[in-house]
Amino acid sequence: MSLPNLTPELRRQRIAARVVHEMNQGYYVNLGIGIPTLVANFIPPDMEVVLQSENGMLGTGPYPELGQQDADLINAGKETITEIPGSSFFSAAESFAMIRGGHMDLSILGAMQVDEEGSLANWMIPGKLVRGMGGAMDLVAAAKRVIVAMEHSTKTGAPKILKKCTLPLTGYQVVDTIVTELGVIHVRDVGLVLAELADGVTFDDIQGVTEATLLASPGLREMKG
Amino acid sequence: MSLPNLTPELRRQRIAARVVHEMNQGYYVNLGIGIPTLVANFIPPDMEVVLQSENGMLGTGPYPELGQQDADLINAGKETITEIPGSSFFSAAESFAMIRGGHMDLSILGAMQVDEEGSLANWMIPGKLVRGMGGAMDLVAAAKRVIVAMEHSTKTGAPKILKKCTLPLTGYQVVDTIVTELGVIHVRDVGLVLAELADGVTFDDIQGVTEATLLASPGLREMKG
Amino acid sequence: MNKEIATAEEAIADIRDGASIMIGGFGLCGIPENLIAALVASGPRKLHTISNNMGVEGFGIGLILEAGMIAEHTGSYVGENKIMERMILAGELKVNLVPQGTLAEQIRAGGAGIPAFYTPTGVGTMVQEGKEVREFDGKKYLMERALKADFALIKAWRGDRAGNLVYRKTAQSFNPVMAPAGQITIAEVDELVEIGEINPDQVMTPGIYVDRIFESPFSERRIERLMVRGGEK
Amino acid sequence: MNKEIATAEEAIADIRDGASIMIGGFGLCGIPENLIAALVASGPRKLHTISNNMGVEGFGIGLILEAGMIAEHTGSYVGENKIMERMILAGELKVNLVPQGTLAEQIRAGGAGIPAFYTPTGVGTMVQEGKEVREFDGKKYLMERALKADFALIKAWRGDRAGNLVYRKTAQSFNPVMAPAGQITIAEVDELVEIGEINPDQVMTPGIYVDRIFESPFSERRIERLMVRGGEK
């Protein structure tokens, strides 16, 4: 089950569009690399959300017009960006003081694996891939709320929401909510609670591609987007 | 013995003038309140020494001309001062990161008592006076070199250089050198070594007003000024 | 993002008895005069204040002390406030005297998510009492805990409605250190400007740390020791 | 106070085999390009480098790695450098991977005289291995040690001959953090100005932290990912 009618790009867009509903006016938010970066495109113009970039900026703006790029102005994904009115720049120490000090309302990250306890893994596959944790471990350790935004299954169709992560962890018991193209899942003391299901997806569909046991929320409803 | 031919003001001037010889071109120096503050007046114009003020400034300048004072520009003694070319301002956290990080070449403080082990006391007299330690404890804990600049005896003629401080300490075994109007004393493993004697003062004179035992340096000479 | 609040009175209205309050500045320099005045007028009691100094008799943070509103104080210097010294000696005020660098670092740690750190400052002194002493590379250090507060009252030179702040000269001191350590941080500024008027490279306190901001109607900016060339005035 | 040195070559001439070296910047942004080039030309070996990233193949700090000069590296991200990833997987490079915030705080602590501190980052992960875990107020933290280096190579936008530095936009990153942590700190700047030309309120790294400074003859300022409205170029 992976909504075969959706291209990978549309899947990613759908996830990003859904994540925006977790934001509120006045939030300070850190967006990780990958799908989380797409979230910025879906923030409604009347919602003031300040985006932090862990390399030392609050108030990141959109990509520049061609020719307006500035090598001294990049985001944590090393992409050229712009400043907006109210932006500020600061050092790496200050940036992570801000993150670790619990000042971010929301941290949105991608993941290779998430598990029933809210642990996630996204920085290495032993013997195969070493990406480094970058700022991810700090972001999940201290944000007021941590959302994982990721495709529900791997490219080969294997589940990414597991009973227990098998890869080296980025954070232990830190995730609050998981948003995929198939649904929205909250990590609770009782386990993983399915709160929303994408249009056309049944509980059995999503459980079928999820290794961890899902509990249907009494208020289970259709996924916002 | 307290050089009765000197007024207290001249005594203080003499101490300050002597301390300057402990400075070198390019030094970053913190001057405490009291006699240390006077030291700035004796720095020769061709010697570049940058003075730090613990409230958040490097490169403190002289007192302003009357009418040029700025309430936002004071030193650690709450006195109006000026900036000079090359000055910089920073927060209290940065100021003490600088001090505690061992970046100051020299810290010069006044003291109520100093002892044989190089401990000093300058912030309270139990039941009688509570000044607070302010930045003094940080300054003595981490400067590359700590000099106590003080009058040799109390106003009532009691010794201030003791076998063991009786007042609550500002720092334990932290002082390198003691400069008074009578002489210059280095704190060494063997004890207090008298390196210089003021003109007209004998070893017995200075030992007579010093509770701690002084050892005459083999190179004992007349005090510079 | 508009954090502007109309008056100092409104800004401090929810400070209640027993609150912990950090107050910025050094001596009388860089203190939030209007917030102090409003707090004294509002009159919450049993406060725990955290500030480097306690001002002087009749001005600055000293006004809060004189109004009998303080149950406990954490700071590094008593020096210029004779009333405070008298109260300490008489045992009428619970005071935690802390080295200034330790105080600054404790507050910085509080805002930065660091619960504790080690410092060489105070080893072998009264400050060591009750604290863990630990050796690193053969040298002794004390473990010190972070400090946070319910409110941080700070003063800046310029600020915008998003809470971005710029300080001026030595009026900086503890203000940027305390901004991140207050559960609610209130800034009074000499000049409140539009968002975008402050160069992003010159922001000293990013707006994320500031919850309420207003332009000071008035600052006396009293000078504690007017020294001029030729001596004290 | 004149800390000016004529060339990058002269500035790094005393970096010998086995030295520990911090290098500022983030990705290819804010890196000391001329110092890196001079270091590669000079060719000391068995270096311990400390930097957030390792640049990319053929540019930035990666050039030092490719020249076979690094014995050990401490950093937080491998991502864009495939050569480094291959060397790590093959066990050819000793790498200490550290969370970015921990790395920044360790370096800040190194310059600030803090030998160790506690952080919530990495609890329950591989990062915890071999470290003290301690509870404060019911929450677990790891103890992390400070980092210092023999040399810190940094890049600023403007600087004066006294070593005062100003950074520009996100080219700030690790540069001001590393300046105080180097036994010898060397700054390359786009523009070297006279003492007094930098507003004292706008100094980001006070000169006390800088030992040598020179004006970059050239900076390529390569962009790693040119994103523009409408997509990647």
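Order of the sequence lines sets the chain letters (A, B, ...), proteins ahead of strands, with each chain counted from 1. What you are looking at is a predicted structure, and each value in this text was computed from that prediction instead of being measured. Scope of the values below: all heavy atoms of this structure, side chains included, with no hydrogens, waters or symmetry mates.
If you measure heavy-atom distances from B:Glu94 to chain D, the contacts under 4.5 Å come from both the backbone and the side chain. Both the backbone and the side chain of D:Asp201 come within contact range of chain B, with heavy atoms under 4.5 Å apart.
Heavy-atom pairs under 4.5 Å with chain B peak, among D:Ala181, D:Ala146, D:Ala162, D:Pro180, at D:Pro180. In terms of non-hydrogen atom pairs under 4.5 Å with chain B, the most contact-rich of D:Gly207, D:Gly163, D:Pro200 is D:Pro200.
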Give every donor-acceptor pair under 3.5 Å between a side-chain atom in residues 108-115 of chain D and any protein atom, sequence neighbours left out.
unit_1: D:Arg108; atom_1: NH1; unit_2: C:Glu105; atom_2: OE1; d: 3.3
unit_1: D:Arg108; atom_1: NH1; unit_2: C:Glu105; atom_2: OE2; d: 2.5
unit_1: D:Arg108; atom_1: NH2; unit_2: C:Glu105; atom_2: OE1; d: 3.1

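For residues 11-29 of chain D, the pairs satisfying salt bridge (charged side-chain N to carboxylate O under 4.0 Å, His left out) are D:Asp14-D:Arg212, with sequence neighbours left out.
Taking the six-membered ring for Trp, B:Tyr28 and B:His103 have ring centres at least 6.0 Å apart.
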Could you walk me through whether D:Tyr118 and D:Phe136 pass ring pair (Phe, Tyr, Trp, His ring centres under 6.0 Å), step by step?
CA-CA 9 Å; D:Tyr118 293 89; D:Phe136 294 99; 5.0 Å; yes
